[in-house]
Protein chains: 2
Amino acid sequence: MTDPATVKPTQKQMANAIRVLAMDGVEKAKSGHPGMPMGMADVATVLFSKFLKFDASRPDWADRDRFILSAGHGSMLIYALLHLTGYKAATRQELSNFRQWGSKTAGHPEYGHMPGVEVTTGPLGQGLATSVGFAMAERHLAAKYGEDLVDHRTWVVAGDGCLMEGVSQEAIALAGRYKLNKLTVLWDDNEITIDGKVSLSDTTDQKARFKAAGWAVKAVDGHDVDAIKAALKWATKQDKPTLLACKTRIGKGAATMEGSHKTHGAALGAAEVAATRLGLGWDHDPFELPENIQKAWLKVGRQGAKHRKAWEARLVASKQAADFTRAMKGDLPETAFAKLDAKIAELIETRPAQATRQSSGAALDEVFAAIPELIGGSADLTGSNNTFVKDTPIFDAPTYEGRYVNWGIREFGMAAALNGLALHGGIIPYGGTFMVFSDYSRPAIRLGALMGVRAIHVLTHDSIGLGEDGPTHQPVEHLAALRAIPNLYVFRPADTVEAMEAWKIALEARTTPSAMCLSRQKTQAVRTVASAENLTAKGAYEIKAANGEARVTLFGTGTELALALKAAETLEAEGTPTRVVSVPCFELFEKQDAAYQASVLGRGTVRVAVEAAIQQGWERFIGEDGGFVGMSSFGASAPAEVLYEKFGITSDAVVAAVKARL
Amino acid sequence: MTDPATVKPTQKQMANAIRVLAMDGVEKAKSGHPGMPMGMADVATVLFSKFLKFDASRPDWADRDRFILSAGHGSMLIYALLHLTGYKAATRQELSNFRQWGSKTAGHPEYGHMPGVEVTTGPLGQGLATSVGFAMAERHLAAKYGEDLVDHRTWVVAGDGCLMEGVSQEAIALAGRYKLNKLTVLWDDNEITIDGKVSLSDTTDQKARFKAAGWAVKAVDGHDVDAIKAALKWATKQDKPTLLACKTRIGKGAATMEGSHKTHGAALGAAEVAATRLGLGWDHDPFELPENIQKAWLKVGRQGAKHRKAWEARLVASKQAADFTRAMKGDLPETAFAKLDAKIAELIETRPAQATRQSSGAALDEVFAAIPELIGGSADLTGSNNTFVKDTPIFDAPTYEGRYVNWGIREFGMAAALNGLALHGGIIPYGGTFMVFSDYSRPAIRLGALMGVRAIHVLTHDSIGLGEDGPTHQPVEHLAALRAIPNLYVFRPADTVEAMEAWKIALEARTTPSAMCLSRQKTQAVRTVASAENLTAKGAYEIKAANGEARVTLFGTGTELALALKAAETLEAEGTPTRVVSVPCFELFEKQDAAYQASVLGRGTVRVAVEAAIQQGWERFIGEDGGFVGMSSFGASAPAEVLYEKFGITSDAVVAAVKARL
């Protein structure tokens, strides 16, 4: 008799290991989504065992293929795969602790928790949209460093929900436009959503839609191993991004519930689990595996090691090794800020009066050559966002070495792709739009903050100062709304020096995205005294001391800081000692020690803040009785200077708010 | 010789009137977008003169066709059309005051400023997405009241930007699924965006894409009057929504700049304007019209009057006249709240312990039959959002009389369609999703607030109480972010009574959208004393008085109010007189008079607030030295009760925060 431990399992049997682990993990947690992992187990088995380039012992190997579970609710699929292939962190203990406090097996896959999870997914559509950034990064770095060092694919598992979300359109249009042929989407075409059949709410011909976006498309039986193999092979041969419509049965293998939306988002229950085990011929305890299947999967996890080692040898031999390694680690070049620092020193003298969006563009001018991993663009507002550095080649197919991206009118898709570019490594990405459209990109800004990625959002036209375009285009609540997101630096620089300091911080912030809030309209230079320190990094700092013991503290940001300074002049002239505090970044202020914070806040003085936005959040600075000069409604359509006057955001109003409190 | 004033102008000449007005309006403002109105002038002329059912003297005629300028930056197109056809408000003075303070001719068309503007547009894609709501409203009301009363079309002008935005996919998929055949999109296919050619960033085959979404599609030369006529005619005969790809030249007619992206977003300049006049043979001062063209256009504005009068006669004869008129006016039925009020009285006695999402569902149960214009659904989370009232027929093709909508996994598209349903009139719409996905729908929530529409956003799973799904699905900053939006009621009810009161307010709020923030997890009943007043309408109110002179004030919302009440019990037991304030709606509190506000705020007492969200905004209640028990980071994946414990949101923590301050 053959020893069962040595019998080579079939791909189907290997897939059943995923099914059972997924079912058991959810059952133990009494919470989760077994249907998707069970349905996509066959596809995932073929992908991992025959196509995905990876080495389970080195989750951080730079040239690995990226596997992205856009349908993040099916997280047990990836946890099962990582466990089976021998990722050290994906222990049996972790699997049985699915969705519990402190485990690495969060309800949705979370970047930074479990090695092998490339992106935090769950908010539907975003895994797919982020994957476009990965695929762009690969093409760019391949063009830059050669395919000897960079030559890998991005594989995405997406569900019907991902494809219904609008961001999927932005993503697939971008991928199609840029012919990202190393991107493959495996659509779990199971015709089921939470509420029932997909057809309840959607009758889109997805295959035709992807074709219209410039993709190569193929349908495949998602339970036919040979067909899957052939289809994946086909995908690797195309000159376009590829969609495989994998026709599957949700909860495949479940004894009585296979094909039902009941397997989507809840544990199957003990009876169904037992019956499913029986049906699959699976005679093992939860989280326990037959030896031959375990061995076969672990072998899969090791089979990429030889490719990895060959790659390492090529890296060592490469003249670009040092630069490649540095960039992938996320270190900046040593000379990153040489020109910028010199420029800041110069600006303290020359004091240009310009819009902060121009200041931001000027900052880019100073760092763009020095930081070659900086890649950016605009969502069709290049001239307005000041995101283009002269003579930058365009990122395009086939000129992927270009560093300027025409993102199109796709703020959300852009922001998600920025996350992907940053997560891939080797790139520091930025993208521009009008600040009001941060509402469009907000879900990706949030996910970037949650993951802790260095993505830089350039948001110009940051207030009613936008003028004639009117309230649809004037951010009023957006500063507050962005400041509300944890782990996001929201900068509102007051002049060119602050803008440059903000860029420096953003570029150095390895685990925090930044939002640069920048004015359309001109403002005066306010930083006129040289400082050895990056004062913006303090979040808030005294920019003008009082003449004598301060009776008044004025706070301001961006273009309104000039109003505070002018009001201070008036008050001082009338004999009221007044200090002025610039507040370029609330979040960084909160990181300062209590003594510094107290010294800035100036309790006991009359406190008034001015910002062309709503008050929410400013009580932190002005207390309950302070004054606030700003907005309390949406804006209006008129020239900027008229709007400031009509909405009462003037230095006179600041003075009046002070006097009412003196 | 013929008197030129009596010569019937050609459609081309009538279109030139639009071109010149648009060019002149932008020139005068030195700001705006002349290219689109000039490019689409021929299409708009044929549409308005031959197809659009309207009567310029009655912009509010219920059965008019709706014209929606999704490409809102081309606002001079609609202003010119309204002026030419004789809308009273669209005076020459208004045209020459384009984009100025106090004018009705805002930079982007704004609902409520200028009659004839059906929707505020400008944020790209949203006009199109909103139009789906209009078209749904038409089909529903036609099914309900008959086509004698309701039988009109929705026409949308959309640009390349609208089609690149992801929300367009959600919109066209919805329209296709529901076979909204009275919706026609006129795509200004001019191949130009702000940054240059569309092909810079997009190569999507839009016609194939719309077909894939279930639309009938036709291409037409947008400058060939007969072809346009035939195409519009064709559109009215289809059994699906229709896309007309109108091939146009941006800035058509401009002397040297026709076809260039330079006409997109800036004034043409005096020289180009003069040369264009010459080229068009237009020998008139700015805003002045040749008499024959003026007459012809005014006739167009009057030609619908006979249809309108016939319709009015049918209305008068209809048995449904009163109900139709009431619903279109936005008045609620007299008995709207009879059952709900009785239920509230009952609940004060029975005090059910249930999740507030269940409470919200219970509120719907009580009003759904009594308010037949209430139509809603969920973005594929029906069971979770508690949005379905038992036995409600489904809105579908052809059963448009159904009142439950399967929105699909399209939060943004849903929210935009809610705006459209509300703006159309005759309907009060609601839509459900997880609260964290208010980030997806946020741009439409904002636009609804700006327009002042009665749309109700049901946002369940409102905190870490969501549990195992983890931080991607746990709102932490969303309460603050939503409270930041002007003119939005953000309700976070603490129990069933407050949830029902909130629904009552939302249903009565004709010019304010509402966000219902509702818990996944159970909570206890906190309102146990009958009140003649709707206490939720005060925004904040004392729910428990102190025993003796209050030394402490505790504030709470939603599921955390119970923690505040429990903490108060502990404090009172220890001899510390403690009052508790429920804060279901910040915005409504701000509308109370100063004396009431002061009485609630309890200055001089130790103040602590508890809410499972970030602190931003709470300083309004607790001052600078108050305590806050809540979140300061993203959440985590674990069961809800574990998360509350681990993140320290407990009644013990409230007590400790008080004691640290006593």
Side-chain angles (χ1 to χ4, degrees), chain A residues 31 99-101 106-108 120 122-124 161 164-167 169-170 173 177 193-195 200-205 208-209 212-214 380 382 406 408-410 412 439-440 442-443 446 450 468-472 477 480-481 484-486 614 616-617 619 623-624 633-634 637-638 642 646, chain B residues 31 99-101 106-108 120 122-124 161 164-167 169-170 173 177 193-195 200-205 208-209 212-214 380 382 406 408-410 412 439-440 442-443 446 450 468-472 477 480-481 484-486 614 616-617 619 623-624 633-634 637-638 642 646:
Chain A
S31 162
R99 295 182 156 235
Q100 304 309 305
W101 179 263
H108 292 79
T120 298
L124 292 177
M164 276 198 234
E165 291 288 358
V167 72
Q169 182 61 29
E170 302 183 17
R177 169 62 186 80
T193 69
I194 293 175
D195 277 359
L200 281 176
S201 59
D202 193 48
T203 46
T204 304
D205 179 344
R209 176 186 164 217
D380 197 46
T382 294
N406 288 302
I409 301 156
R410 309 182 177 103
F412 188 4
D439 276 354
Y440 278 59
R442 186 172 176 88
R446 177 182 212 255
L450 176 57
E468 291 90 342
D469 273 347
T472 53
E477 74 278 25
I485 299 177
I614 62 163
Q616 186 178 303
E619 295 83 357
E624 201 167 6
S633 69
F634 292 108
S637 171
V642 176
K646 295 287 184 183
Chain B
S31 161
R99 295 184 154 232
Q100 304 309 306
W101 179 263
H108 291 80
T120 297
L124 293 176
M164 276 198 235
E165 291 288 357
V167 71
Q169 182 60 31
E170 302 182 18
R177 168 63 187 82
T193 69
I194 293 175
D195 277 358
L200 279 178
S201 58
D202 194 47
T203 46
T204 305
D205 180 344
R209 177 186 164 216
D380 197 46
T382 294
N406 289 302
I409 301 157
R410 309 182 178 103
F412 188 4
D439 275 353
Y440 278 59
R442 185 172 178 89
R446 178 183 210 254
L450 175 59
E468 291 89 342
D469 272 347
T472 53
E477 74 278 25
I485 298 176
I614 62 163
Q616 184 180 302
E619 296 83 357
E624 202 168 4
S633 69
F634 292 109
S637 171
V642 176
K646 295 287 184 183

Would you say the side-chain atoms of [X] pair up with the backbone N or O of [Y], donor to acceptor, closer than 3.5 Å?
X        : Y        : answer
A:Asp380 : B:Ile194 : yes
B:Arg446 : A:Glu477 : no
A:Glu468 : B:Arg99  : no
B:Asp439 : A:Arg442 : no
B:Arg177 : B:Ala213 : no

Taking only residues two or more places apart in sequence or in another chain, which ones pass side chain to side chain donor-acceptor pair (under 3.5 Å) with B:Gln616? none
Identify which of [options] forms the greatest number of heavy-atom pairs closer than 4.5 Å to chain A.
options                      : answer
B:Asn406, B:Asp469, B:Val167 : B:Asp469
B:His108, B:Arg209, B:Gln100 : B:His108
B:Ala208, B:Gly161, B:Ala173 : B:Gly161
B:Gly122, B:Ala484, B:Gly408 : B:Ala484

Which bit of A:Phe634 is near chain B, if near means a heavy-atom gap under 4.5 Å: side chain, backbone, both or neither? both
Measure distances from A:Ser31 to the heavy atoms of chain B and classify the residue's part below 4.5 Å as side chain, backbone, both or neither. side chain
Considering only heavy atoms and a distance below 4.5 Å, find which of [options] pairs most often with chain B.
options                                : result
A:Leu124, A:Thr204, A:Thr472, A:Thr203 : A:Thr472
A:Ala480, A:Pro471, A:Gly623, A:Ala106 : A:Pro471
A:Val642, A:Ile614, A:Asp202, A:Thr120 : A:Asp202

Heavy-atom distance under 4.5 Å to chain A: side chain of B:Tyr440, backbone, both or neither? both
Nearest atoms (heavy-atom pairs only) where A:Pro486 meets B:Ser633: CG-C, 4.1 Å
